[in-house]
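All remarks here apply to the structure that follows.
Quick note: numbers below take in every heavy atom, side chains included, and nothing from hydrogens, waters or symmetry partners. As the structure is a prediction and not an experimental result, all values here were calculated from the model.
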Amino acid sequence: MKRTFYISLVLLVLCSPIVKGQAALLVLIFGEKAATENFHFSLKLGVNYSIIHGYEEGKNATSLNFGLVNTIRLTDKLSLVPEFIPLAPRQIKDVPVLTTGNSDLDDLLVEVESADRRLSYIDIPVLLKVKLSDRFSIAAGPQFSYLTSAEDTYKSIPMEDIVLTTKIDIKSAVSNIDLGFTLDLEYIVVEPRGVKGINVFLRYNKGLMNLAKDSENGRYTSSMIQLGATFPFVANESGK
């Protein structure tokens, strides 16, 4: 897990010039009004540490998240921040093996080395952000999540020196929608210069709904801790 976390942080640093370039492209599309203090876009990239509650077995996992942030300033202290995050997976490793329903294939799932579950979502949080100081802010609000895919991956050894990787679509067993609550702490690292800036954030999200479509299969909920950066494209007062 630590290795994945460090790799993700390296990718975060390497991708920052690309992200800034994409932010500039947004302004070209939406015009100068998309780069003002009262209304501006940001691109965000971070690391998810996801937890799926309800399993007696299994290990939590890390992954990348990526999305678009829109900041709408209401007052000097308050802003409305809707986000669109198309890459927001929840993962858990070493979960109990499910059968495929195919007897010929199930017979091969012996000596299972690992069974990993990945739930991919589009997250849409809508946060109210409060400015605490010139650099610190805190935000909170509801989050709507829509399931795009759900998959189990097994690695088994049906015979000596042969590793079989099996992927099973389990989307039909997972609820399509999850509603949750998000709490976010943000710090401005680089104030906008040449209209681009860098902020870092630490976020906690708690899902409130049962991920299992059939409640008889148990109750499973998700939570996430996210660490990452946002790249706002907003003109500063000096215009430098």
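- Hydrophobic clustering places Phe136 together with Ile198 (ILVMFWY residues linked when any side-chain heavy atoms are closer than 4.5 Å, directly or through intermediates).
- The backbone N or O of Pro232 sits nowhere less than 3.5 Å from a side-chain atom of Thr230 that would complete a donor-acceptor pair.
- Between Ala140 and Leu183, the closest heavy-atom pair is CB-CD1, 4.0 Å.
- Residues passing the side chain to side chain donor-acceptor pair (under 3.5 Å) test with Arg73 are Asn38, sequence neighbours excluded.
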Problem set entry | Candidate pair Leu74 and Leu128, rule side chain to side chain contact (heavy atoms under 4.5 Å, CB included), full reasoning | CA-CA 10 Å; Leu74 304 176; Leu128 184 64; 4.2 Å; yes

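- In terms of heavy-atom proximity, Ala150 sits nearest to Val174 at CB-CG2, 4.0 Å.
- Of all the heavy atoms in Asp134 and Ile188, the pair that sits closest is O-CD1, 3.5 Å.
- Sorted by first then second residue, the salt bridge (Lys or Arg N to Asp or Glu O under 4.0 Å) pairs that include residues 166-178, not counting sequence neighbours, number zero.
- Checking side-chain atoms of Asn210 against main-chain N and O of Tyr220 turns up a donor-acceptor pair under 3.5 Å.
- Between the OG atom in Ser175 and the CG atom in Leu119 there is a gap of 11.0 Å [rounded to 0.5 Å].
- With Ser50 contributing its side chain and Gln91 its backbone, the two residues share a donor-acceptor pair below 3.5 Å.
- Put simply, the side chain of Asp184 never gets that close to the backbone of Phe201: no donor and acceptor are under 3.5 Å apart.
- At a cut-off of 3.5 Å, with distance as the only test, a side-chain donor of Thr221 or Lys206 sits close to an acceptor on the other residue.
- Electrostatic pairing of Glu83 and Arg203 counts as a salt bridge here, judged by a charged N lying under 4.0 Å from a carboxylate O.
- Here Asn199 contributes atom CG and Tyr187 contributes atom OH; the two are 10.5 Å apart, rounded to the nearest 0.5 Å.
- Placement of Leu179 and Ile122 within a single hydrophobic cluster is found when ILVMFWY residues are connected by side-chain heavy-atom separations under 4.5 Å, directly or transitively.
- In this structure, CE on Met224 lies 12.5 Å from CG on Asn60, to the nearest 0.5 angstrom.
- Minimum interatomic distance between Phe66 and Ile85 (heavy atoms only, all atoms of both residues): O-CG2, 3.2 Å.
- Pairing each heavy atom of Ala61 with each of Ile92, the nearest pair is CB-N, 4.5 Å.
- Distance check: Gln226 CD to Leu45 CG gives 11.0 Å after rounding to the nearest 0.5 Å.
- Tracing side-chain contacts under 4.5 Å through hydrophobic residues (I, L, V, M, F, W, Y), one never reaches Val81 starting from Leu78; they form parts of separate clusters.
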Exercise. What's the verdict on side chain to side chain contact (heavy atoms under 4.5 Å, CB included) for Phe41 and Val69, showing C-alpha distance, side-chain angles and the deciding distance?
Worked result: CA-CA 6 Å; Phe41 289 102; Val69 181; over 6 Å; no

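- The hydrophobic cluster containing Ile124 also contains Tyr146, counting ILVMFWY residues as joined when their side-chain heavy atoms lie under 4.5 angstrom apart, directly or transitively.
- Pairing each heavy atom of Ala88 with each of Asp123, the nearest pair is CB-OD2, 3.1 Å.
- For Thr182, the side chain to side chain donor-acceptor pair (under 3.5 Å) partners are Gln143, Asn205, not counting sequence neighbours.
- Between Arg90 and Ser145, the side chains place a donor N or O and an acceptor N or O closer than 3.5 Å (distance only, hydrogens not considered).
- Using a 4.5 Å heavy-atom cutoff, the side chains of Val200 and Leu227 are not in contact.
- Taking CG of Leu87 as the reference point, atom NZ of Lys44 lies at 11.5 Å (rounded to 0.5 Å).
- Going from atom CD1 of Ile138 over to atom CD of Glu186 covers 11.5 Å, rounded to the nearest 0.5 Å.
- Note on Phe84 and Phe39: separate hydrophobic clusters, where clusters join Ile, Leu, Val, Met, Phe, Trp and Tyr whose side-chain heavy atoms are under 4.5 Å apart, directly or indirectly.
- Salt-bridge check for Arg117 with Asp152: passed, with a basic side-chain N closer than 4.0 Å to an acidic carboxylate O.
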